[in-house]
Amino acid sequence: MSSEPRPEREREPRNGQEDEAAPGAGTGEDAGTDGNAGTGEDAGATTVSEPKGKPEAEKPETESARESAREAEPAAEPEPPAYADRCYRSPGAIAGGVLLLLLAVWLGTDALLNGDNHTRLTALFGLVFAVPLVVAFTLRPAVYAGPHRMRVRNPFRTITVPWGKVEALRAGYSSEVFADGAKYQLWSIPVSLRARKRASRRTERAERAAARGVAVTAPARPTGLFGLGGVPGGDDVGEQRAPSDRAIDELRTLAADHGENPAAQGDVTVRWAYEIAAPALAGAVALAVLLAVF
């Protein structure tokens, strides 16, 4: 008798548990199906989202790798600044050339306006002959010195000498450059013996002042009879050089500094100034014919 009510009592809590569990779990099959479907969808979502998330995670790594690669690259060396070529010209020659051209224009214009036919032709052909020569010997000569070569512009030709071909530079009675077994004169750097004597006198005065212990700070001023025996100035300290000698010294320094540069190698080239020679020759022939005929 005691065994019969036990199953009922046992059923009640079991039924109660089943009743309590039913709302939360529903049917076991449905819950299991929903749970499996939910996990399946989640798993599928994770498997699909994994390849999308990987590149996003790798982007900062690639950017940092690029930045590190850029930092590891050696910095490019800055190119040296380019400077204009040094130009050596004679101020006295330029001043004389300008005066001669003004005189030729004045006389030629007067002859063309007030002279007869023969005078006009003579003045015209004379100008055609004289003006190119004046320009050639006064305004044209120049020496251009750059990092690779020196260009010597003489009255009737232009010589380009690479620094590697320069054998010697000399300033005796005239300025000369020796290159490739030939000698070329530098018309734009004339040698003045008077300037050399003046520079030597200033050097001697500065040496005597230094021997007496005189501090040379003031500008030079002449003293004595007719300005002889002047007092040296602050610019007279050391050995004084004439302008032509200073120019040759600078050219020697450039040749020594750039002579071994690969860009300073090459051949010596000579180009004749036909733009000067052709008008002068034409004017000379026309003038000779005119004087011979009339």
If every non-hydrogen atom of Pro132 is compared with every non-hydrogen atom of Pro279, which pair is closest and at what distance? CG-CB, 3.8 Å
What heavy-atom pair brings Arg252 and Leu169 nearest, and what distance separates the two atoms? NH2-O, 2.7 Å
Taking the side chain as everything from C-beta on, heavy atoms only, tell me whether Leu251 gets closer than 4.5 Å to Trp163. yes
Please tabulate, for the side chains in residues 102-115, all donor-acceptor contacts under 3.5 angstrom to protein atoms that are two or more places apart in sequence or on a different chain.
residue	atom	partner	partner atom	Å
Thr109	OG1	Val105	O	2.6
Asp110	OD1	Asn114	ND2	2.8

Do Asp245 and Arg196 touch side chain to side chain, with heavy atoms closer than 4.5 Å? yes
Which pairs of donor and acceptor atoms, one on a side chain in residues 138-149, lie under 3.5 Å apart (sequence neighbours left out)?
residue	atom	partner	partner atom	Å
Thr138	OG1	Val134	O	2.4
Arg140	NE	Asn154	O	2.8
Arg140	NE	Pro155	O	3.2
Arg140	NH2	Thr158	OG1	2.8

Do Thr122 and Leu287 touch side chain to side chain, with heavy atoms closer than 4.5 Å? yes
Any side-chain heavy atom of Tyr184 sitting closer than 4.5 Å to one from Arg157? yes
With side chains defined as the heavy atoms from C-beta onward, is the minimum distance between Phe156 and Tyr274 less than 4.5 Å? no
Note: His258 and Ala264 closest approach over all heavy atoms is O-CB, 3.2 Å
Are side-chain heavy atoms of Tyr173 and Val191 found at a separation under 4.5 Å? no
Contacts of Glu167 meeting salt bridge (charged side-chain N to carboxylate O under 4.0 Å, His left out) (sequence neighbours excluded), chain-then-number -> none
Quick one: does Ser90's side chain have a donor or acceptor within less than 3.5 Å of a partner on Ile189's backbone? no
If we ignore hydrogens and angles and just use 3.5 Å, is the side chain of Ser188 paired with the main-chain N or O of Tyr88 as donor and acceptor? yes
Are the side chains of Arg170 and Ile248 in contact, using a 4.5 Å heavy-atom criterion? no
